[in-house]
Amino acid sequence: MPLFAYKGIHILSGQQLRKLSEHKYSCSSSSLLDPLLQPWWNWLVAQTPLWLAPNLITIVGLVLNIVTTLILICYSPNGMEPPPRWTCFLCALGLFIYQSLDSIDGKQARRTNTSSPLGELFDHGCDSISTVFVALSACISCQLGHYPNWLFFQCFCAIALFYCAHWQTYVSGTMRFGRVDVTEAQFSIMAIHLISAALGPEIWLTKMPYFDCETRFVPFYLATGIDLILALRYAKSILNEGCGKNGSSVAGTSVLSPSIPLTLVVLPALIIAQKSPQNIFTEHASVYILAFGMVAAKITNKLVIAHMTKSEMEYLDWSLLGPSLLFLNQYFNCIVPEIWLLWFTLIWGTQDLLRYCSQVCLEICQHLHIDLFRIPYTPKGSAAHPATASVSSQSNFGGNADKNGGTTHRKSKSKPPH
């Protein structure tokens, strides 16, 4: 972590760190699948060694998810070529492992008595990155690259809705999960990968009887409907449920202010893709989605920090350098090959995200006197009988937080469905 951290620079002020220490996680959920999966999660966490740090569980799941998706991307970088069946199965397996680990890290934090605000922040950060890879993998599995506009729409809907989920949390102070939400979305995408693995990706190209459309549009039409419902739900919450003074956000700022960073990511992405004389999005879809996805992950993390520290969110960010250069390059008739700037955007955005997250984690660890990836002492939960620890963990609904509205400081699932 120190390798990526900024030297001599502090991102969080003393006041923000104090507010972070006082932060209490608030969540409500009515998920359909979460209660059914509780026995599996409780059994899994019971098998987890007590010395294993919750954040380490989270990061292992994220790495597996990223690696399996990158393997799929290697075989179908533009979402046009049918990927091998085994790569689709690998993606389903990687997502299942990630989902399972993401659902027990909070239980592990509770049973080892190591819950902290850092856990919630770390989990949200991992989820912001995972959302980009999960959405892209689903589109590639269905070979949606043949329809670039649909590919763009689905991926950026997932990114934007994830941001909006935290936007409404910043406004209302409570993370809310609906009956069809993140867990249902994850298992739907696993189903897409498994169908591609069992029947071959070509199954999505077949015409449906009695309908004049290919099979692959069925899940995406359903996803679009759910996206619309979620967008309306978030909009209603943002406009009407401000918990600050005079209906403002938790920081006392305008409830509409977080729209600015999101617009600065999505709008340039749309303009650059549509106006590119070199068809930069069509020819390099995966690189494009990942590049802008890393920028979106950065601003989402800043929004989460603004919520947890009850502070105003900054609008401009250095991660926007790449998109700005792409936009200006088009304005001056592409004096530099667009693919060069696209790769620069991906590399710059990735390193900027890693350095920012590393520095924030380092500052919080120093403030709270904890370690990120290890438990440097005998946790209080280790003195308890394993059965007792398992029972106590059952009160935690997923990941690093109690989705029944508890105030544990860790949190797991925050991705809106796609």
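No donor-acceptor distance shorter than 3.5 angstrom exists from the side chain of Glu312 to the backbone of Ala251, with no hydrogens or angles considered. With Asn329 contributing its side chain and Leu325 its backbone, the two residues share no donor-acceptor pair below 3.5 Å. At distances below 3.5 Å, not a single donor-acceptor pair connects side-chain atoms of Gln99 with backbone N or O atoms of Phe187. Panel note: side chain Ser249, backbone Thr253; a donor-acceptor pair is recorded below 3.5 Å.
The salt bridge (Lys or Arg N to Asp or Glu O under 4.0 Å) contacts involving residues 316-336 comprise Lys298-Asp317, Lys302-Asp317, where partners must be two or more places apart or lie in separate chains. Sorted by first then second residue, the ring pair (Phe, Tyr, Trp, His ring centres under 6.0 Å) pairs that include residues 265-316, not counting sequence neighbours, are His23-His307, Phe152-Phe281, Phe281-Tyr288, Tyr288-Phe292. Listed by first and then second residue, the ring pair (Phe, Tyr, Trp, His ring centres under 6.0 Å) pairs that reach into residues 52-87 are Tyr75-Trp86, sequence neighbours excluded. Evaluation of the side-chain hydrogen bond (donor to acceptor under 3.5 Å, both in side chains) test over residues 269-281, restricted to residues two or more places apart or in two chains, returns Asn149-Gln274, Ser276-Glu338. Sorted by first and then second residue, the salt bridge (Lys or Arg N to Asp or Glu O under 4.0 Å) pairs involving residues 189-209 (not counting sequence neighbours) are Lys207-Asp212.
Residues Cys164 and Tyr234 approach most closely at CB-CD1, 3.7 Å, considering heavy atoms. The two atoms that bring Leu95 and Ile189 nearest to each other are CD2-CG2, 3.8 Å, heavy atoms only. Here the closest heavy-atom approach between residue Ile364 and residue Leu121 is recorded as CD1-CD2, 3.4 Å. When all heavy atoms of Val45 and Arg111 are compared, the closest pair comes out as O-NH1, 3.1 Å. When all heavy atoms of Glu81 and Ser76 are compared, the pair lying nearest together is O-OG, 2.7 Å. Between Thr282 and Met80, the closest heavy-atom pair is CG2-CE, 4.0 Å.
The side chain to side chain contact (heavy atoms under 4.5 Å, CB included) test applied to Trp40 returns Trp43, Leu44, Phe96, Ser100, not counting sequence neighbours. Listed by chain and residue number, Ala291, Pro323, Leu326 satisfy the side chain to side chain contact (heavy atoms under 4.5 Å, CB included) test with Thr345 (two or more places apart in sequence, or in another chain). For the side-chain hydrogen bond (donor to acceptor under 3.5 Å, both in side chains) test, residues two or more places apart in sequence or in another chain that qualify with Ser172 are Gln168, Arg176. Listed by chain and residue number, nothing satisfies the side-chain hydrogen bond (donor to acceptor under 3.5 Å, both in side chains) test with Thr87 (two or more places apart in sequence, or in another chain). Residues that satisfy the side-chain hydrogen bond (donor to acceptor under 3.5 Å, both in side chains) test with Arg233, not counting sequence neighbours, are Asp181. For the side-chain hydrogen bond (donor to acceptor under 3.5 Å, both in side chains) test, no residue two or more places apart in sequence or in another chain qualifies with Ser286.
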Can you list, pair by pair, the side-chain donor-acceptor contacts under 3.5 Å of residues 256-265, counting residues two or more places apart and other chains?
unit_1 : atom_1 : unit_2 : atom_2 : d
Ser257 : OG     : Ser254 : O      : 2.8
Ser259 : OG     : Leu256 : O      : 2.6
Thr263 : OG1    : Ser259 : O      : 2.7

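Ion pairing of Arg374 with Asp371 is present here, as a side-chain N (NZ or NE/NH1/NH2) and a carboxylate O approach within less than 4.0 Å.
Defined by atom type and a distance below 3.5 Å, a donor-acceptor pair is missing between the side-chain atoms of Thr69 and Ser137. A donor atom on one side chain and an acceptor atom on the other are not found under 3.5 Å apart for Thr48 and Gln108. Side chain to side chain, Glu120 and Ser115 fail the donor-acceptor criterion of an N or O pair below 3.5 Å. Residues Thr300 and Ser128 have side chains that never bring a donor and an acceptor to within less than 3.5 angstrom of each other.
Ring centers of Tyr163 and Tyr170: at least 6.0 Å apart, outside the cut-off. Between Trp150 and Phe217, the ring centre distance stays below 6.0 Å. The ring of Phe162 has its center closer than 6.0 angstrom to the ring center of His166.
One distance of note links CG of Leu118 with CG of Asp123; it measures 10.5 Å at 0.5 Å rounding. Summarising the geometry, atom OH belonging to Tyr221 is positioned 15.5 Å from atom CD1 belonging to Ile226; distances are rounded to the nearest 0.5 Å.
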